[in-house]
Amino acid sequence: MVIVKNNWTSQIVLSEILSGIYKKHGIKSRFKKLPVDEQWGELSRGWSDVQVEVWEGTMADKFEKLTSEGKMLGAGTHDAKTREDWWYPLYVKELCPGLPDWKALKKCSSVFATSSSGGKGRYLGGPWEKPDKARVRALGLNFILERAKDSDGLWAALDKAFKKNKPILLFNWTPNWIEHKYKGEFVEFPEYDPKCETDPSWGVSKEWKYDCGNPKNGWLKKASSKRLKESFPCAHEILKRFNFKNEQIAKLAFEVDSNKKDVSKVAARWVKENKMIWENWIPSSCPAKGGKH
Ligand code: TMO
């Protein structure tokens, strides 16, 4: 059975933790590295089976479509509440008065200009599915978009700017460790509403969709292939119970990204030290194949 590994740290650590728990129960799994936009077809076809972090802000559309069509299965919701959006370190506020209100960006886009942005502001996104271009257009922002190739790329740019006190506007999310090391805030765009993404006449722009921010209190779900439930019912049940809170996720990502610990070691240590938590995720219907924990 195949666990999808994406390209941000907490997802990778959680994938390894789940694999470790499976192993204790005699369930063999392997990882497949996939970008978010390729995982949907894989999960729908049963070429991959497990996704441990589906974020509402960036992935709700696909998740809801595929689960409602019966091509992929939802496997429960984490306790963690999520937010993913444009973000800046706090010192930027002085250079762009009015932040965190998004309207401030209309007046100070040039503060965020770089040598390659042609005088416009630069927003640094990630490789995840954000309709950022649509939002920039709908809100009439004078910004260009650049994309880092993974979370490391975002944090390297943030660190560089931070050390020189330079303005930067980039994609960030919570739970994450960034908020513990770099003080900052999300831009407050018009409040999210599902209509914002389907009805052009909704909101600030009467002409364009995506004139709003992402949900502030978003969900974090898990997904599986249909095959998983049919062929590995115990693995599916464990996945449904697999459940993390904000602080746990932030801490695991912090250990890897900031303390530079090895992902597999961080995961193995969590499994070793948190038996009390994960043993509750094993339903009695699961055969205790792995023997001792
Ligand atoms: C999916 N992500 C947490 C990177 O926004």
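Note: hydrogens, waters and symmetry copies are ignored here, and every other heavy atom, side chains too, is used. Indexing begins at 1, ligand by ligand and atom by atom, following the structure's order.
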- Met59 heavy atoms, cut-off 4.0 Å: which ligand 1 atoms fall inside? 1 (C)
- Message: Could you tell me if Trp86 and Asp132 have a donor-acceptor pair between their side chains, going purely by distance under 3.5 Å?
- Response: yes
- Note on the structure: Residue, atom and distance of the protein heavy atom nearest atom 3 (C) of ligand 1 read Trp55 CE2, 3.3 Å
- Query: Hey, is Gln11 touching ligand 1 through its side chain, its backbone, both or neither, going by heavy atoms under 4.0 Å?
  - Reply: neither
- Task: Starting from atom 2 (N) of ligand 1, locate the nearest protein heavy atom and write down its residue, its atom name and how far away it is, to 0.1 Å.
- Result: Glu84 OE1, 3.4 Å
- Query: Does Glu53 reach ligand 1, in the sense of a heavy atom lying below 4.0 Å from it?
  - Reply: no
- Item | Enumerated ligand 1 atoms positioned under 4.0 Å from heavy atoms of Thr58 | 1 (C)
- Message: Less than 4.0 angstrom from a charged side-chain N to a carboxylate O is my criterion; do Arg241 and Glu237 meet it?
- Response: yes
- Task: Supply the atom-to-atom distance Glu94 CD to Leu99 CG, rounded to the nearest 0.5 angstrom.
- Result: 11.5 Å
- Message: Any salt bridge linking Lys226 with Glu230? Criterion: basic side-chain nitrogen under 4.0 Å from a carboxylate oxygen.
- Response: no
- Query: With the threshold set at 4.0 Å, does a side-chain nitrogen-carboxylate oxygen contact exist between Lys33 and Glu42?
  - Reply: no
- Quick one: which ligand 1 atoms are inside 4.0 Å of a heavy atom on Phe171? 5 (O)
- Message: Under a 3.5 Å threshold, yes or no: a donor from one side chain and an acceptor from the other, between Glu53 and Trp8?
- Response: yes
